[in-house]
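A, B, ... follow the sequence lines: proteins, then strands. Residue 1 opens every chain.
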There are 2 protein chains.
Amino acid sequence: MRKANSTNSINETRLHLLCGMSHALSVIGGRWKASILFSLTDGRKRYSELRKDIPGVSERMLVAQLRELEADGLVERTVFPEVPPRVEYALTDFGRSTQPMLREISAWGAKHRKG
Amino acid sequence: MRKANSTNSINETRLHLLCGMSHALSVIGGRWKASILFSLTDGRKRYSELRKDIPGVSERMLVAQLRELEADGLVERTVFPEVPPRVEYALTDFGRSTQPMLREISAWGAKHRKG
DNA sequence: TCAAGTACTAACAATAAAGTAAGTATGCGC
DNA sequence: GCGCATACTTACTTTATTGTTAGTACTTGA
């Protein structure tokens with residue numbers, strides 16, 4: 001019989017926590033990703049709207065971060081075959097599932113600044 | 001009279017969220033910070049114990065991240081005037097307040113990997 | 001023919017974060 | 001005096017992330 005929290009099980013749990021943590025941060029931790037995710041909670045937006053909505057992003061970074069969010073399944077991209085081109089971005093269900101987490105992180109961060 | 005959620009107030013709210021967010025990530029987002037914070041939930045530890053407990057950290061990084069956590073008030077450092085030197089690190093109350101957030105981030109990240 | 005509008009893409013520069021390897025300080029016991 | 005143990009420093013290299021600037025593709029309307 002083995003103690004419920006032996007060193008091994010502590011380490012396994014911690015490893016698991018750390019693994020999830022580092023993955024989550026790699027998904028939402030980019031310089032502009034929170035901005036994008038917050039912006040898209042208003043609803044779907046086209047590329048140019050996002051650019052206006054997020055002051056300071058360069059086109060390169062906006063595209064790069066959108067592609068990563070898309071690859072990770074948080075955002076879906078829809079291309080309309082028109083000229084001039086129209087591309088819309090929207091949160092997926094999974095993208096929306098970040099909201100509670102993002103809000104908790106924000107709340108904690110805001111608390112610290114005052115403290 | 002001004003609509004309750006005019007563009008301005010949306011932006012103010014979003015700015016506030018983003019500000020807290022980026023601050024929080026700068027505090028907990030370092031490569032080894034989560035490892036340190038999780039390790040110290042077991043209780044206070046001395047430097048050499050942390051090093052053993054966190055496989056892969058270099059001394060430079062361990063010290064650097066500990067100093068940042070200390071500067072941000074998450075960790076307290078106690079030096080015992082002995083030879084050879086003994087230095088212990090422990091979570092502050094504020095450091096402990098990160099736990100729910102860290103766990104939520106981990107849980108979200110773990111969910112995604114399977115998804 | 002040519003500018004306009006939209007959504008990019010590419011090449012390169014700068015900055016930030018992390019890693020590597022070796023060295024330092026201190027006093028105790030031999 | 002000399003090595004040992006602990007907790008760091010320092011200097012330097014590598015890698016990752018972000019920024020800057022300029023250019024591309026496509027079709028419509030003047």
Side-chain angles (χ1 to χ4, degrees), chain A residues 18-19 21-40 43-72 74-90, chain B residues 18-19 21-40 43-72 74-91 109:
Chain A
L18 286 171
C19 188
M21 179 93 188
S22 82
H23 184 67
L25 290 184
S26 84
V27 171
I28 62 156
R31 172 82 177 77
W32 301 99
K33 286 187 180 173
S35 297
I36 293 170
L37 293 173
F38 283 136
S39 176
L40 288 179
R44 57 197 304 110
K45 293 201 177 140
R46 45 194 300 191
Y47 175 80
S48 54
E49 292 176 299
L50 281 171
R51 215 181 34 196
K52 274 173 222 147
D53 207 37
I54 302 174
V57 231
S58 66
E59 310 225 31
R60 172 168 131 48
M61 282 311 293
L62 182 53
V63 174
Q65 304 265 291
L66 281 168
R67 292 288 138 83
E68 287 185 25
L69 290 171
E70 195 194 354
D72 286 321
L74 308 207
V75 159
E76 64 169 7
R77 176 172 179 268
T78 313
V79 182
F80 296 85
E82 304 173 358
V83 170
R86 182 157 65 102
V87 178
E88 285 187 358
Y89 293 90
Chain B
L18 285 171
C19 189
M21 179 94 189
S22 81
H23 184 67
L25 289 184
S26 84
V27 171
I28 60 155
R31 171 83 178 76
W32 301 99
K33 287 188 182 173
S35 298
I36 294 171
L37 293 173
F38 282 135
S39 176
L40 289 179
R44 57 195 308 108
K45 293 202 176 138
R46 46 193 300 191
Y47 175 79
S48 53
E49 293 177 298
L50 281 171
R51 215 181 34 194
K52 275 173 224 147
D53 206 39
I54 302 174
V57 231
S58 65
E59 310 225 32
R60 174 170 130 48
M61 282 311 291
L62 182 54
V63 174
Q65 305 265 292
L66 281 168
R67 291 287 137 83
E68 286 184 26
L69 290 170
E70 195 194 353
D72 286 322
L74 307 208
V75 159
E76 64 169 9
R77 176 174 180 265
T78 313
V79 182
F80 296 85
E82 303 171 1
V83 169
R86 182 157 64 104
V87 178
E88 285 186 358
Y89 293 90
L91 290 182

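- Between dT6(D), dC8(D), dT6(C), one nucleotide has an atom nearer to the side chain of P84(B) than all others, and that is dT6(D).
- Distance M61(B) CE to dG19(C) C1': 8 Å, rounded to the nearest Å.
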Under the criterion side chain to side chain contact (heavy atoms under 4.5 Å, CB included), I'd like the reasoning laid out for T78(B) against R44(B): C-alpha separation, chi angles, the key distance, then a yes or no. CA-CA 10 Å; T78(B) 313; R44(B) 57 195 308 108; 3.4 Å; yes
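- Between R46(A) and E88(A) no salt bridge is recorded (no basic side-chain N to carboxylate O distance below 4.0 Å).
- An OP1 or OP2 oxygen of dA17(C) is reached within less than 4.0 angstrom by no side-chain nitrogen or oxygen of Q65(B).
- Using modelled atom types, one finds a donor on one side chain and an acceptor on the other under 3.5 Å when comparing E59(B) with Y47(B).
- Checking the phosphate oxygens (OP1, OP2) of dG19(D), a side-chain nitrogen or oxygen of R31(A) falls inside 4.0 Å.
- Take the nearest nucleotide of DNA chain C for P85(B) and for R86(A): the residue whose nucleotide is more 5' is R86(A).
- Between R46(B) and dC8(D) there is no side-chain N or O to OP1 or OP2 distance below 4.0 Å.
- Comparing dC8(C), dG19(D), dG19(C) against the side chain of W32(B) picks out dG19(C) as the nearest.
- When rounded to the nearest whole Å, the span between CD of E59(A) and C1' of dG5(C) equals 12 Å.
- Contact check, Y89(B) against dC8(D): a side-chain N or O comes under 4.0 Å of OP1 or OP2.
- With dC8(C), dT10(D), dA7(D) as the candidates, the nucleotide lying closest to the side chain of R60(B) is dT10(D).
- Residue R51(A) is classed as having no contact, given no heavy-atom separation below 4.0 Å to the nucleic acid.
- Taking 4.0 angstrom as the limit, R67(B) places a side-chain polar atom (N or O) nearer than this to OP1 or OP2 of dT9(D).
- For the pair S48(A) and dA7(C), the criterion of a side-chain N or O lying under 4.0 Å from OP1 or OP2 is met.
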